[in-house]
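Structure first, commentary second.
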Amino acid sequence: MSYDHKSIEKKWQSFWEDNKTFKTDINSDKEKFYVLDMFPYPSGAGLHVGHPEGYTATDILARMKRMQGYEVLHPMGWDAFGLPAEQYALDTGNNPKEFTDKNIQNFRRQIKSLGFSYDWDREVNTTDPDYYKWTQWIFLKLYEKGLAYIDEVPVNWCPALGTVLANEEVIDGKSERGGHPVIRKPMKQWVLKITEYADRLLEDLEELDWPESIKEMQRNWIGRSEGAEITFEIDGTGHFFKAFTTRPDTLYGATYAVLSPEHPLIDKIVADEQKELVKKYQEDVAAKSDLERTDLNKEKTGVFTGAYAINPINGEKMPVWIADYVLMSYGTGAIMAVPAHDERDYEFAKKFDLPIKEVVEGGNVEKEAYTGDGKHINSGILDGLNKEEAIDKAIEWLEANGKGVRKITYRLRDWLFSRQRYWGEPIPIIHWEDGTMEPVPEEELPLTLPETNEIKPSGTGESPLANIKEWVEVTDPKTGRKGRRETNTMPQWAGSCWYYLRYIDPHNPEQLADPEKLKKWLPVDVYIGGAEHAVLHLLYARFWHKVLYDIGAVPTKEPFQKLFNQGMILGENNEKMSKSKGNVVNPDEIVESHGADTLRLYEMFMGPLEASIAWSTEGLDGAKRFLDRVWRLFVNEKGNLSERIKDQENKNLEKVYHETVKKVTEHFEGLRFNTGISQLMVFINESYKAEYIPKDFAEGFVKLISPVTPHLAEELWSRLGHTESISYEPWPTYDESKLVEDEVEIVIQVMGKVRAKMMVPKDASKEELETMALENEKIQEWIENKTVRKVIVVPGKLVNIVAN
RNA sequence: GCGGGUGUGGCGGAAUUGGCAGACGCGCUAGACUUAGGAUCUAGUGUCUUUUGACGUGGGGGUUCGACUCCCUCCACCCGCACCA
């Protein structure tokens, strides 16, 4: 007989909801534990089986920690701004809010059907004005600190649609919707100065308990490099440009210079006879997409400008070229080229027949660039030095002679923060007719999105908000001067940058959150989510957190102490689940057919949490079968508590029980749910072999499995005669002394191969073990006619006899 | 190309500081119960071999009494970045 998951799961979900079982007492005296999920974007497609994987993992921790006496904060909410709702609105003329709310309802229903122990009174929604009031407030703080500024940045402009498109809406240079041409057009954009925090974002990674791979990705993304910025004069013009290099030691080997095709200096220095060529090249490059400029472009291209730069250290003339292998967006958009010691410059020099001058010994510059260390030659004051010394000396010389400075450059760029969209947080800024701009006063926040059924492209590249005159046009009540509201909205990242703070104090009308509460509850103890957010979300959230730390709004330097990335659940064919491949598993159907507990158990048992593993219907059936097996052990055919459970000790189960408590506790703690669950299975297998099960052990087992399969556990707990929820029952403890038996089996090896086993007292000495092993009958056969050279004894484990 | 990671039965995966490789589950085989079984229970299940035994953790080499585990080298796959000066 199998248990009826449908009625049981429904029953306990109502019980938890009615009793507010999982309400967090934010002022509790208990020790806190904050376990957080990456909150979802509530898409129209509904929940995916990938969602419950991370959610189950955090739920297990939350439930176990509650039973271990912690006050647990385990919240859920919605990252609900975003492109799909805007597109839906453009298509149907409906307000995206309705669409979003409907999706949220569906997500909430699905999540609740899985039995997660969220405190639903703390639900946050990034599109709620009471929430985005504080997103806007944080923006104003960034603005006040000079960390938000306006810059001209090229965007994907689609003239036919009259709108700006996100990168993912552009396919092969055409708009995804309609296939219209898309061009790059510079527009005024808000940008956040994340680069100012680059060093701290880098350094503080050290103290975080995050996967090394994610830290490494963030380090690479920030891309700090040390070197020098060198000033070059253009011969005979009085113009200068600066070039960043990590190898100032190779300055004597710089034989030409390259400017990015977008470099502003080009027009001023280009020689008349080269003007046409240069212009043509610039136009060609501008027409190329980013992809063409990087991925597909293996062959180096470039054009000589006709101008010469002076190498400051030896006064030699270096031809100035322009080439698209130099990017305007990195460093200064200009380089000194040292073909002998840089692969890119080498390739370029070979192609255009530019001189290659060796200044570091150790390679063969006839064949390839040498980037390694070595003794400097042909380098005047640097001769004889190795790389590191030469770098220092070169910088000293540059600084002393006013030709350059020590400099650190980052790959990280400032964060483009504007979106030309309706469905996002309005940026609370007013542009006045006199050309000045001012923030919306704090007391006027939230600056709400105007309700409208007319979400249409503005046609100018501004967001659809530009169409709504009553909203956009403002008059200063004091002075009567007129102005326009900022029509750009914030990107989806904004709301997710700080939601973990709002959960701590979700209804506070006065503050983002009460500092006292933040002090108790930060940082997040465990944060689990997909690796797709390894860089952007996690870096942006860390940036905002640090800014908030600097203004005293939060008490910690970092938001997320421990981070874990769950893997992906693949389709049964081992491919990523997708509608087009038809391999998507819908959690609703599984909850219906197998139950939420089975789904939770299966997803945790599939393999390590971080691994990407294919879905298996047979594996799912196996999980259900195990739960049936548990049920039958506890409940008899008539539906009563089984006779096998007795109020009586059973020595035979003692060891396995204590072992199970230990292993399950440790493995769950370490997020190794698959191995924890396997131990629960071992216990059930042993219990089936036993004549009867002591009630203590039965209850302990139900507690141990309860974080994974809470509905089943609550039901068994009540059938064991309890009237309270199992959720706050004390977590089982184990007795170390019960783990070791008086007699242990040890292995006897001859030449490292297992030849016999024997039972010995657990505290047998080395000498005793050696004697016993040598006397063993089987061993005697093996060492017959051989000389025993050495005997290695590991007490409690093995004896290895070396004989030949 | 650079950086990070992973390679263990038919499959998903276990294995503490170097100490019985393959826990647990799936699948499969045989049997029991049954009108029936895709339910349940019992036994078996790395490969080769008649037994004894030999071999076996991507390939090759090394350190060690002993290596999935440590070192060298090669291969394959996955993820991230990708002309970052």
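Proteins get letters first, then strands, A, B, ... in listed order; numbering begins at 1 in each.
Within the 4.0 angstrom heavy-atom criterion, base atoms lie near A:I335. Here A:R755 lies in heavy-atom contact (under 4.0 Å) with sugar-phosphate atoms only. Within 4.0 Å (heavy atoms only), A:S225 reaches sugar-phosphate atoms of the nucleic acid but no base atom.
With a cut-off of 3.5 Å on both Watson-Crick or G-U wobble distances, the partner of B:rG38 is given as none. With both pairing distances under 3.5 Å, B:rG19 is matched to B:rC65 as a Watson-Crick or G-U wobble pair. Shown here, B:rU29 forms a base pair with B:rA43; the pair counts as Watson-Crick or G-U wobble because both key distances fall under 3.5 Å. The base-pairing partner of B:rC83, taking Watson-Crick or G-U wobble contacts with both distances under 3.5 Å, does not exist among the strands shown. Remark: B:rC77 base-pairs with B:rG5; criterion is Watson-Crick or G-U wobble with both hydrogen-bond distances under 3.5 Å.
Using modelled atom types and a 3.5 Å distance limit, the side chains of A:Y410 and A:D199 yield a donor-acceptor pair.
Distance noted for atom C1' between B:rG9 and B:rG5: 24 Å (whole Å). Look at the C1' atom in both B:rA76 and B:rG59: the space between them is 10 Å, to the nearest Å. Comparing the C1' positions of B:rC55 and B:rU49 gives a spacing of 11 Å, expressed to the nearest Å. For the P atoms, the distance from B:rC28 to B:rC65 is 47 Å, rounded to whole Å. Taking the C1' atoms as reference points, B:rU64 lies 9 Å from B:rG18, given to the whole Å. Only the P atoms considered, B:rG27 is 23 Å distant from B:rC33, to the nearest whole Å. Distance noted for atom C1' between B:rC68 and B:rA23: 15 Å (whole Å). Between the C1' atoms of B:rA30 and B:rC77, the separation comes to 38 Å (whole Å).
For the pair A:E575 CD and B:rC78 P, the interatomic distance rounds to 12 Å; values are reported in whole Å. Across the protein-nucleic acid pair, A:I391 atom CD1 and B:rA85 atom P stand 12 Å apart, rounded to whole Å. Following rounding to the nearest Å, A:L539 (CG) and B:rG80 (P) show an atom-to-atom distance of 17 Å. When rounded to the nearest whole Å, the span between CZ of A:R672 and C1' of B:rA15 equals 12 Å. In this structure, the CG atom of A:L627 is 16 Å from the C1' atom of B:rU40, given to the nearest Å. The CD atom of A:E226 sits 12 Å away from the P atom of B:rA85 (whole-angstrom rounding). At whole-Å resolution of the value, CH2 in A:W631 and C1' in B:rU40 are 18 Å apart. The interatomic distance linking A:I613 (CD1) with B:rU6 (C1') rounds to 13 Å, in whole Å.
Between A:R632 and B:rC41 there is a side-chain N or O to OP1 or OP2 distance below 4.0 Å.
Ranked by how close their nearest RNA chain B nucleotide is to the 5' end, A:T245 and A:V535 are led by A:V535. When each of A:G331 and A:Y688 is assigned the nucleotide of RNA chain B with its nearest heavy atom, A:Y688 is the one assigned upstream, toward the 5' end.
Aromatic ring centroids of A:F673 and A:F668 lie under 6.0 Å apart. Ring pair A:F352/A:F304: centre-to-centre distance not below 6.0 Å.
Look at A:D392 and A:R406 and you find a salt bridge, because one of the NZ, NE, NH1 or NH2 atoms lies within 4.0 Å of a carboxylate O, short of that distance. Using a cutoff of 4.0 Å between basic side-chain nitrogens and carboxylate oxygens, A:D249 and A:R247 are scored as salt-bridged. Salt bridge status for A:E368 with A:K350: absent, with no side-chain N to carboxylate O gap under 4.0 Å. Ion pairing between a basic and an acidic side chain is recognised when a charged N comes within 4.0 Å of a carboxylate O; A:R625 and A:E618 show no such pairing.
Distance CG/A:L798 to CG/A:L769: 9.5 Å, rounded to 0.5 Å.
With a glycosidic angle no more than 90° from 0, B:rG9 adopts the syn conformation.
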*Classify every nucleotide of nucleotides 17-29 of chain B by which part a protein heavy atom approaches to under 4.0 Å, writing B for the base, S for the sugar-phosphate alone and - for neither, in 5'-to-3' order.*
--BB--BBSSS--

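Checked by atom type and distance alone, the side chain of A:H5 pairs as donor or acceptor with a backbone atom of A:E592 at under 3.5 Å.
The listed nucleotides are B:rC83, B:rC81, B:rG13; the one nearest the side chain of A:K300 is B:rC83.
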